[in-house]
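Note sheet for the following structure.
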Amino acid sequence: MNKKIVLIPIVMIIATFVTIFSLDPSERNGNVVFHVTLADPDLYTNGTYTDTFTINEGEFSFRFVPNGSSPEILSIILNGKNFDFSEDFTLESTSHQTGTSEYFTWKYVGQEIISISEMQEVFIIINPNGNVIGSVSVDILEN
């Protein structure tokens, strides 16, 4: 029983690193225009995280660093002067079998690419749909 309690966090940490380092290096080092790590329930107000940031004209993509405790559905809304975006990202797990063990990686699936027509201030709402305890990092990268 105690071995399972110790192994679960280790597997989660390994899966997070596998996810991060499996990304194309250009994606890892892209120009981050927005970043938040939601790992504390105090970051939410009435169950959602909100913030504002300025974004330039161009094409952007979402990057997530989820794990097994991340929200199953992560709803993101972006609103600007000339821009509206809404997506419910769904957490998918993939099992990986090795000769002696099994581990999982996680990925959010949904519309990851957005286009902004002009520089503007954007209001972001991130809704973990009730799971304010599960951690996840959210980045918006300039492509």
Side-chain angles (χ1 to χ4, degrees), residues 1-116 120-143:
M1 179 82 165
N2 288 337
K3 289 181 183 180
K4 286 183 181 179
I5 294 172
V6 172
L7 287 177
I8 290 172
I10 292 171
V11 169
M12 292 172 67
I13 290 168
I14 290 169
T16 300
F17 282 111
V18 167
T19 301
I20 291 169
F21 291 108
S22 67
L23 294 173
D24 179 2
S26 63
E27 290 179 359
R28 275 200 312 259
N29 299 323
N31 184 18
V32 177
V33 297
F34 173 81
H35 169 79
V36 65
T37 299
L38 298 170
D40 181 356
D42 292 337
L43 295 172
Y44 298 96
T45 303
N46 297 324
T48 62
Y49 172 84
T50 59
D51 199 358
T52 57
F53 61 97
T54 301
I55 195 166
N56 292 321
E57 174 185 354
E59 188 172 274
F60 300 85
S61 60
F62 287 95
R63 177 179 64 189
F64 302 97
V65 181
N67 62 53
S69 68
S70 296
E72 289 182 31
I73 297 175
L74 191 65
S75 302
I76 297 180
I77 297 172
L78 299 171
N79 292 103
K81 179 181 172 187
N82 296 313
F83 180 75
D84 287 310
F85 171 85
S86 177
E87 183 70 19
D88 293 328
F89 292 94
T90 304
L91 187 64
E92 287 187 358
S93 65
T94 303
S95 171
H96 302 275
Q97 301 283 335
T98 66
T100 58
S101 66
E102 175 184 27
Y103 68 93
F104 291 86
T105 56
W106 294 270
K107 178 181 181 178
Y108 277 106
V109 177
Q111 180 182 341
E112 295 182 2
I113 306 294
I114 56 174
S115 292
I116 306 292
Q120 58 194 290
E121 185 173 67
V122 173
F123 182 69
I124 186 169
I125 301 169
I126 302 174
N127 183 349
N129 296 287
N131 185 353
V132 296
I133 296 174
S135 64
V136 62
S137 290
V138 179
D139 293 318
I140 298 176
L141 304 171
E142 187 173 17
N143 290 344

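A quick note: this is a predicted structure, and the numbers were derived from the prediction, not measured.
When every heavy atom of Ser135 is checked against every heavy atom of Ser69, the shortest pair comes out as N-OG, 3.9 Å. Considering all non-hydrogen atoms of both residues, Leu91 and Ser70 come closest at CD2-O, 3.6 Å. Among all heavy-atom pairs drawn from Val33 and Phe53, the shortest one is O-CD1, 3.9 Å. In terms of heavy-atom proximity, Tyr108 sits nearest to Pro71 at OH-O, 2.5 Å.
With rounding to the nearest 0.5 Å, the separation of CD1 in Ile140 from CD1 in Ile114 is 5.0 Å. Note that the CG atom of Asp84 and the CZ atom of Phe123 stand 12.5 Å from one another [nearest 0.5 Å]. In this structure, NZ in Lys107 is found 13.0 Å from OG in Ser93, a value given to the nearest 0.5 Å.
Around the CD1 atom of Ile125, the shell of radius 6.0 Å holds more than 12 heavy atoms that belong to other residues, nucleotides or ligands. Summarising the local packing, CD of Glu87 is surrounded by more than 12 heavy atoms from other residues, nucleotides or ligands at distances under 6.0 Å.
Applying the side chain to side chain donor-acceptor pair (under 3.5 Å) test to residues at least two apart or on different chains, the pairs with a partner in residues 120-133 are Ser75-Asn129.
Tested against Val36, the residues Ile124, Val136, Ile126, Asp51 include a single side-chain contact (heavy atoms from CB on, under 4.5 Å) partner, Ile126.
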- request: Apply side-chain contact (heavy atoms from CB on, under 4.5 Å) to the pair Ile116 and Asn56, showing each step before the final yes or no.
  value: CA-CA 7 Å; Ile116 306 292; Asn56 292 321; over 6 Å; no

- prompt: Where do Ile113 and Glu59 land on the side-chain contact (heavy atoms from CB on, under 4.5 Å) test, with the steps shown first?
  reply: CA-CA 7 Å; Ile113 306 294; Glu59 188 172 274; 3.6 Å; yes

query: Between Phe83 and Leu78, does a side-chain contact (heavy atoms from CB on, under 4.5 Å) hold up when you go through it step by step?
result: CA-CA 8 Å; Phe83 180 75; Leu78 299 171; 3.8 Å; yes

message: Set out, in order, the CA-CA distance, both residues' side-chain angles and the distance that settles ring pair (Phe, Tyr, Trp, His ring centres under 6.0 Å) for Phe89 and Phe62, then state yes or no.
response: CA-CA 10 Å; Phe89 292 94; Phe62 287 95; 5.3 Å; yes

- prompt: Please walk me through it: do Phe64 and Ile76 pass side-chain contact (heavy atoms from CB on, under 4.5 Å)?
  reply: CA-CA 12 Å; Phe64 302 97; Ile76 297 180; 3.8 Å; yes

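Remark: Tyr44 pairs with Leu38, Tyr49, Pro128, Val132 by the side chain to side chain contact (heavy atoms under 4.5 Å, CB included) rule, at least two apart or across chains.
For the residue pair Ser137/His35, the side-chain donor-acceptor check at 3.5 Å is not satisfied.
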